[in-house]
Structures are given as C-alpha cells and as structure tokens.
Amino acid sequence: MENPYRTKNCGELTEKNIGEMVKIAGWTNSIRLLGGLCFITIRDEFGVTQVIIPNESMIKGINKECVISVEGKVIERISKNKNMATGDIEIEAKKIELLGDCKPVLPFEVMQSEQTKEDVRLKYRFLDLRNPLVHSKIKLRSNVLHFVRNKFHDLNFTEVQTPILTASSPEGARDFIVPSRLNSGKFYALPQAPQQFKQLLMASGFNKYFQIAPCFRDEDPRADRSPGEFYQIDLEMSFSTQEEVLQVVENVVSSTFAQFSNKSISKSPFSRISYSQAMETYCSDKPDTRNPLTVCDVTDVFIATEFSIFKNKTIKAIVAPANNKPRKFFDDLTKVIVKYEGKGLAYVKVTEEGVIGSVVKNLSQQELKNLLSKTNAKIGETIFIIAEEKTKAIKLAGVLRNTLGKELELINNNLFNFVWVLDFPFFELDDENKLAFSHNPFSMPQGGLNSLEAKDPLSIVAYQYDLVLNGVELASGAVRNSNPMLMKKVFKMAGYEDDVVETKFSALYNAFQYGVPPHAGLALGFDRIIMFLTDSEVIRDVIAFPLNGMAQDLLLNAPNTVTQKQLDDVNIQIKKVIK
RNA sequence: GGUUCGGUAGUUCAGUUGGUUAGAACGCCAGCCUGUCACGCUGGAGGUCGUGGGUUCGAGCCCCAUCCGAAUCGCCA
C-alpha cells in the first residue's frame with residue numbers, strides 16, 4: 001500500500017521523473033511569493049525540492065518549518081538552478097496537506113543555527129538538528145558506528161553489553177552514583193569504563209571482545225571533553241600480545257579514517273615512540289607529530305651559571321623561526337607560559353650581528369656558545385628558553401612547543417598523523433614522594449616479577465600504550481596483569497595493605513585464580529574520532545543531545561529535583577538545597 | 001574552586017565622555033510583485049538593556065553584589 005505522506009523523498013527527483021505524479025513530504029524550507037506566482041521549497045533528510053504553487057491560497061496558513069505533504073506533477077523548470085541537486089525540476093502542486101504546524105517566529109533560523117548562541121541551540125536542539133550542516137555530523141556518527149561495528153564483527157570480535165548500574169571503582173575520576181531502593185543506603189556507580197568486566201570476559205572464555213561503550217565520569221568539561229558521559233570503542237583480546245592489539249587497532253583506525261575523511265593519513269604501521277623518548281623530544285606524552293619543532297634539554301649548559309633565573313633549574317630550549325615576529329608575539333607567548341603558572345619565558349635571537357635578547361647580558365660568552373652549539377640554532381632563528389623546576393619545565397616546554405607550532409603555522413591541517421606512545425612507566429612518585437601507580441594498576445610491568453624485585457621501581461615500564469593523533473590521546477591500552485601474585489606484589493609496592501587487592505578488586509582477583517588467559521586490550525575515544533572526521537572544534541557538535549558546560553540537559557531539564565516519595569523510596573534526605 | 005571574555009528586539013550585533021523617544025541586519029506581520037532560488041519593493045509591530053542594589057539632576061554605559069553562558073587552569077587512574 002502506498003505511503004499516505006510521500007512516494008518520493010526530497011533529494012531523489014531528477015529530469016528522469018518529469019511527468020510523474022508524486023508526493024513528497026518534509027519541512028517548509030523557504031516561501032517566495034512573487035505575486036501571481038509562488039515557490040516553496042521542501043526539505044527532508046535527503047535534500048530540498050522546489051514546489052511551484054499555482055494559487056497562493058493553497059499555502060495559506062503555512063509558514064517556514066511547517067511539516068507538509070505535497071502532491072503534484074514533476075515538471076521541468078523554466079529557470080534551472082545548478083547549485084541544487086534537484087535544480088532541474090520542480091513539482092507543480094495539486095494538493096498540499098499540513099501535517100505539522102509550526103509557530104511563525106522561530107528561536108533561530110534553522111539554516112543559520114550554527115551562528116546562534118549555544119544554550120539557545122541546545123534548548124531547541126530539534127530545530128538545530130534540522131540544519132543539514134548540523135544534521136550531517138550525527139549522520140556521519142551513525143555511519144562510523146555501523147562501519148566500526150561491522151569491522152570488529154568481521155575480525156571475529158564478540159560484542160558484549162556490560163552493566164550500566166555497577167560498583168564504584170576505587171580509583172580514577174569522580175563517580176556518578178545512583179541510590180538503590182532495594183538496598184537501602186547503598187549506591188550503584190555508573191561505569192567510568194567497562195575495564196573490570198572486559199577482563200572478566202577474558203576469564204569467561206570470550207576470545208575477543210568489543211563494545212561501543214558508554215562511560216561516565218563526573219568531572220568538569222572542556223571543548224573536547226563532554227561532561228558526564230562519552231563513548232569508547234572498548235576492546236580486549238585473550239592470548240594476545242601488545243603487538244597484536246596494536247595491529248588490530250591500526251587496521252580499524254586506518255580503514256575508518258580512510259573511509260570517512262579525505263585528509264591524508266600517516267601510513268600504517270604508525271610510527272612508535274617510547275614514553276621517555278616522547279618526553280625528551282616533545283615534552284609531552286601526547287605529542288602532535290605534525291609539529292616539526294623539538295625540545296632540547298640545555299640544563300647542562302647552565303649548570304654553573306651565575307644567572308639567578310637559570311640557577312639550579314631544569315632548562316628546556318626550543319628553536320623556532322620567529323626572529324621577524326613583532327614584540328607582541330613574544331609577549332603573548334609569555335602570557336601563555338604565565339597562564340600555566342610559569343615564571344616567564346626567555347628568548348634569544350640569533351642574528352647576523354650575533355645573539356641578541358634581554359637575557360643575553362646575564363649569560364657568559366661560553367654559555368651562549370654552548371647554547372648555540374647544543375641547540376644547533378641558525379641565523380634567523382629564536383631560541384626560546386624555559387627555566388623551572390623539572391616537572392614544570394617539561395610541562396611548559398610542551399605547552400610552548402604546541403603554541404609555537406600553531407602560532408608559526410608549522411602544522412599541516414590536512415594530515416592525520418598517528419603515533420604510538422609505548423612503554424609508560426609503571427610507577428611514579430606522588431606529591432608526598434611516595435611510590436604510586438602512574439597509569440593503571442592493572443597493566444603488566446615489563447619483566448614481570450624479576451624486574452619488580454631487582455629494578456629501581458621508577459625505571460620499570462609497563463606494557464601500556466597510547467595511540468596519539470595530532471596531539472590528542474585517541475586511545476589507551478595495556479597488556480593486563482593477570483597474575484594474582486603479581487597483582488598483590490605491585491599493590492604492596494605502591495603502599496597498599498595486603499588485603500586491598502582481595503577486597504577492592506575481588507572480582508578480578510578471584511576470577512584470576514580460576515584460570516585466566518593472558519590478555520591485552522585498549523579503548524578508543526569514539527566522540528573524539530567523530531570530531532576529527534567532521535573537523536569539529538567542539539565535542540557537543542558530534543553528540544545528538546549534548547549536556548551544557550554545567551552538565552545540564554536544557555531540552556529535558558536535567559538534572560532536576562525529585563518527589564519526596566522518590567527520595568523516601570531510596571531513603572535519602574536532602575540536607576540543604578543550594579541554589 | 002581560580003582566571004579571561006560575554007549577556008541589549010525572536011536571532012546576530014552596534015550603542016561615542018553618563019544626556020531627548022535605545023538602533024541596524026535577518027526573522028515576523030500587512031500591502032505590492034508571474035521564474036524566484038539569500039527573490040525584490042513599501043509600511044508596521046516587536047525591548048524589564050540578565051537580576052538586585054548604589055552613585056548621579058539623569059545609567060544600556062560608572063561602582064558593588066549576584067545569576068547565566070563560553071573558553072581555559074585545577075581536575076579528567
């Protein structure tokens with residue numbers, strides 16, 4: 001039976017359909033009254049089609065964004081529009097039916113919604129999403145989901161849905177908690193990641209697992225970080241090595257980016273760099289490898305300096321072609337450093353006449369000579385120098401490298417440059433100078449028990465790897481520690497009581513005593529992948545119904561108060577209402 | 001929690017040193033217009049200048065407080 005609303009969509013009619021009687025339905029995109037003659041265009045997800053209205057009374061009461069169904073004959077246009085996919089034809093309306101009325105004054109013009117303030121767009125997200133430019137990003141997200149899912153099924157991964165109502169994890173980000181009615185006074189936590197479940201799946205005999213998994217973290221947002229919830233492509237493989245995980249992920253990532261983007265992609269195998277090498281060369285564990293600048297450690301050049309600002313400091317230098325930049329350029333850079341709580345930024349310019357700059361007079365001839373030879377700076381280049389306590393110097397040098405790369409336009413925006421960062425340290429020192437897990441207590445220390453017993457703990461590295469794309473951490477994973485004895489050992493080294501593993505991680509600890517295969521895995525930030533593929537600066541653009549910066553849903557008005565009955569059910573009393 | 005920028009018509013914005021009735025564009029309403037496609041022309045409606053207090057003869061503008069939005073730092077194993 002024929003659909004009562006439409007027989008064709010708004011994107012498919014061409015010259016071939018001339019003469020046919022058709023019905024199309026959609027939103028009124030524009031209305032143009034030319035006196036005795038009038039045109040309207042109808043938009044749906046597939047495109048826009050023009051309708052010619054022989055009698056103006058036929059569209060009485062119809063305004064923009066009304067949903068209508070138009071029945072009529074496809075005719076050739078007298079004046080064609082080359083900028084329109086359906087620009088050769090139009091429909092001569094015989095009958096118009098109003099299916100969904102629309103208020104005459106809209107909160108914003110649909111076709112210009114991207115120019116509107118974001119809180120208004122979010123409140124009327126259904127209107128915003130009618131804009132083809134906005135709409136297409138969510139469509140692309142759907143296509144990528146489909147593609148990735150198929151890809152993993154083709155690779156014989158099993159898709160498993162893990163619980164949303166689960167237990168609070170003892171480390172990591174702040175949990176979202178959900179009160180339990182049946183267990184008065186107790187709470188679920190929403191998963192920050194399906195980490196423990198996927199490892200349990202390995203113990204359950206699932207050979208390879210994947211899931212496009214919702215993850216929840218109650219932390220403040222950023223432009224590229226959604227408040228509250230986000231999605232990961234989560235995977236885990238049994239009897240697997242690091243190398244095998246890396247290969248699978250490269251396969252999926254390369255094919256996905258090739259399928260959905262026209263930009264060039266770094267060839268597989270992606271380049272690899274150790275964590276320590278990345279920190280040395282780029283002062284970052286997520287370097288933007290499109291940026292040609294590198295960081296040079298010049299601490300030893302100033303080891304005996306008389307210059308108080310450089311004395312007893314870790315000193316990092318970056319050489320960049322910035323000599324001809326105006327004073328403001330250097331002042332702005334300094335502001336960036338100060339924003340990151342740095343004391344300042346020194347710089348010297350290498351010119352035909354020698355080395356100039358405000359700090360030059362404080363440095364000895366020998367120091368300047370050594371600085372030039374160590375950094376290999378050439379005439380026309382500026383040496384930027386950061387002198388701080390070690391951790392801060394590294395951080396600021398990383399910030400400076402990114403800022404210089406951007407401001408000096410050294411970055412190829414048409415390239416996806418992937419790099420693996422490998423061999424993350426297993427331990428680090430915390431604020432109190434005590435040994436702590438640097439990433440993930442579940443990853444396998446390289447060298448196993450031997451290195452735990454014999455090596456300096458800070459020199460032990462883990463089978464822990466990140467996939468970095470253009471300076472963004474796109475994925476993180478590890479070979480897991482599946483040995484209960486080793487688990488206890490590393491927790492003990494990190495200063496935890498003997499029973500912490502048994503109590504806090506009882507599920508894993510128990511399961512691993514009943515035969516678990518060695519396993520490894522990784523999780524990719526799905527929303528960030530879509531950001532890259534749609535060239536979006538803001539993560540909200542790739543989410544159909546995003547929360548605002550205060551983690552509020554302006555459309556459904558969440559979070560909201562609940563009734564006293566609901567509170568009573570879960571035995572909760574609100575202490576005080578903070579407005 | 002800190003910092004920066006912002007909040008004026010439905011939307012995007014302008015608003016001079018504090019001075020008459022707060023403007024523009026788009027949108028909306030009415031009229032005109034037979035090939036438009038960002039249609040055009042004429043006219044019109046539309047404002048608690050985020051909110052509260054203060055200074056002043058007089059506040060959109062200055063001061064204080066507060067709310068809201070965005071970015072960012074902290075935070076995000």
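By convention in this document, chain letters (A, B, ...) are assigned in the order of the sequence lines, proteins followed by strands, and residues within each chain are numbered from 1. Any value given below was found using the heavy atoms of this structure, including those in side chains, with hydrogens, waters and symmetry copies removed.
Atom pair A:L127:CG and B:U11:C1' shows a separation of 12 Å (rounding to whole Å applied). Rounded to an integer number of Å, the gap from A:E65 CD to B:U11 P is 16 Å. The NZ atom of A:K335 sits 14 Å away from the C1' atom of B:C5 (whole-angstrom rounding). Taking atom CD1 on A:I31 and atom P on B:G27, their separation rounds to 12 Å, with Å as the unit. Rounded to whole angstrom, the span from the CZ atom of A:R121 across to the P atom of B:U12 amounts to 11 Å.
Spacing of P atoms, B:G52 relative to B:C68, comes out at 16 Å, to the nearest Å. Rounded to whole Å, the separation between the P atoms of B:C57 and B:U16 comes to 22 Å. Taking atom P on both B:G60 and B:U8, the two are 15 Å apart, rounded to the nearest angstrom. Atom C1' of B:G40 sits at a distance of 13 Å from the matching atom of B:G35, rounded to the whole Å. Between B:U34 and B:A9, the two P atoms lie 37 Å apart (nearest whole Å). B:G74 and B:C64 have their P atoms separated by 29 Å, given to the nearest Å. The C1' atoms of B:C62 and B:G18 are separated by 8 Å, rounded to the nearest whole Å. Here, B:U4 and B:A65 have their P atoms 13 Å apart, quoted to the whole Å.
Formation of a donor-acceptor pair under 3.5 Å by the A:N131 side chain with backbone atoms of A:V110 is found in this model.
Applying the side-chain contact (heavy atoms from CB on, under 4.5 Å) rule to A:K137 yields the partners A:T534, A:S536, A:D541; only residues at least two apart in sequence or on another chain are considered. Taking A:R217 as the reference, nothing meets the salt bridge (Lys or Arg N to Asp or Glu O under 4.0 Å) condition, with sequence neighbours excluded. Applying the salt bridge (Lys or Arg N to Asp or Glu O under 4.0 Å) rule to A:D218 yields no partners; only residues at least two apart in sequence or on another chain are considered.
Using a cutoff of 4.0 Å between basic side-chain nitrogens and carboxylate oxygens, A:K395 and A:E388 are not scored as salt-bridged. For the pair A:K328 and A:D331, the salt-bridge criterion is not met [side-chain N within less than 4.0 Å of a carboxylate O].
Ring centroids of A:F216 and A:F230 are separated by 6.0 Å or more, keeping the two rings apart.
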- Item | Footprint string (nucleotides 69-75 of chain B, 5' to 3'): B base within contact, S backbone only, - free, heavy atoms under 4.0 Å | SSSSBBB

- Item | Verdict with reasoning, A:D234 to A:Y209, per side chain to side chain donor-acceptor pair (under 3.5 Å) | CA-CA 8 Å; A:D234 194 40; A:Y209 142 90; 2.8 Å; yes

Detail all sub-3.5 Å separations between protein N/O atoms and N/O atoms belonging to nucleotides 28-36 of chain B.
| from | atom 1 | to | atom 2 | distance (Å) |
| --- | --- | --- | --- | --- |
| B:C33 | N3 | A:L33 | O | 3.1 |
| B:C33 | N3 | A:G35 | N | 3.1 |
| B:U34 | OP2 | A:G36 | N | 3.0 |
| B:G35 | O2' | A:S79 | OG | 3.3 |
| B:G35 | N1 | A:E90 | OE2 | 2.8 |
| B:G35 | N2 | A:E90 | OE1 | 2.7 |
| B:G35 | N2 | A:E90 | OE2 | 3.1 |
| B:U36 | O2 | A:R32 | NE | 2.9 |
| B:U36 | N3 | A:Q50 | OE1 | 2.9 |
| B:U36 | N3 | A:Q50 | NE2 | 3.1 |
| B:U36 | O4 | A:Q50 | NE2 | 2.7 |
| B:U36 | O4 | A:R77 | NH1 | 3.1 |

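For the segment residues 455-474 of chain A, no residue has any heavy atom less than 4.0 angstrom from an atom of RNA chain B.
Across all their heavy atoms, A:R401 and A:D288 have their closest contact at NH2-O, 2.9 Å. A pairwise comparison of heavy atoms in A:I18 and A:E76 identifies CD1-CB, 3.6 Å as the closest pair.
Annotation: the span from A:D423 atom CG to A:Y463 atom OH amounts to 8.5 Å, rounded to 0.5 Å.
Pairing partner, B:A70: B:U4, with both Watson-Crick or wobble hydrogen-bond distances short of 3.5 Å. Using the Watson-Crick or G-U wobble rule with both distances under 3.5 Å, B:C62 pairs with B:G54. Nucleotide B:U11 forms a pair with B:A25, judged by Watson-Crick or G-U wobble geometry with both contacts under 3.5 Å.
Summarising the local packing, CD of A:E473 is surrounded by more than 12 heavy atoms from other residues, nucleotides or ligands at distances under 6.0 Å.
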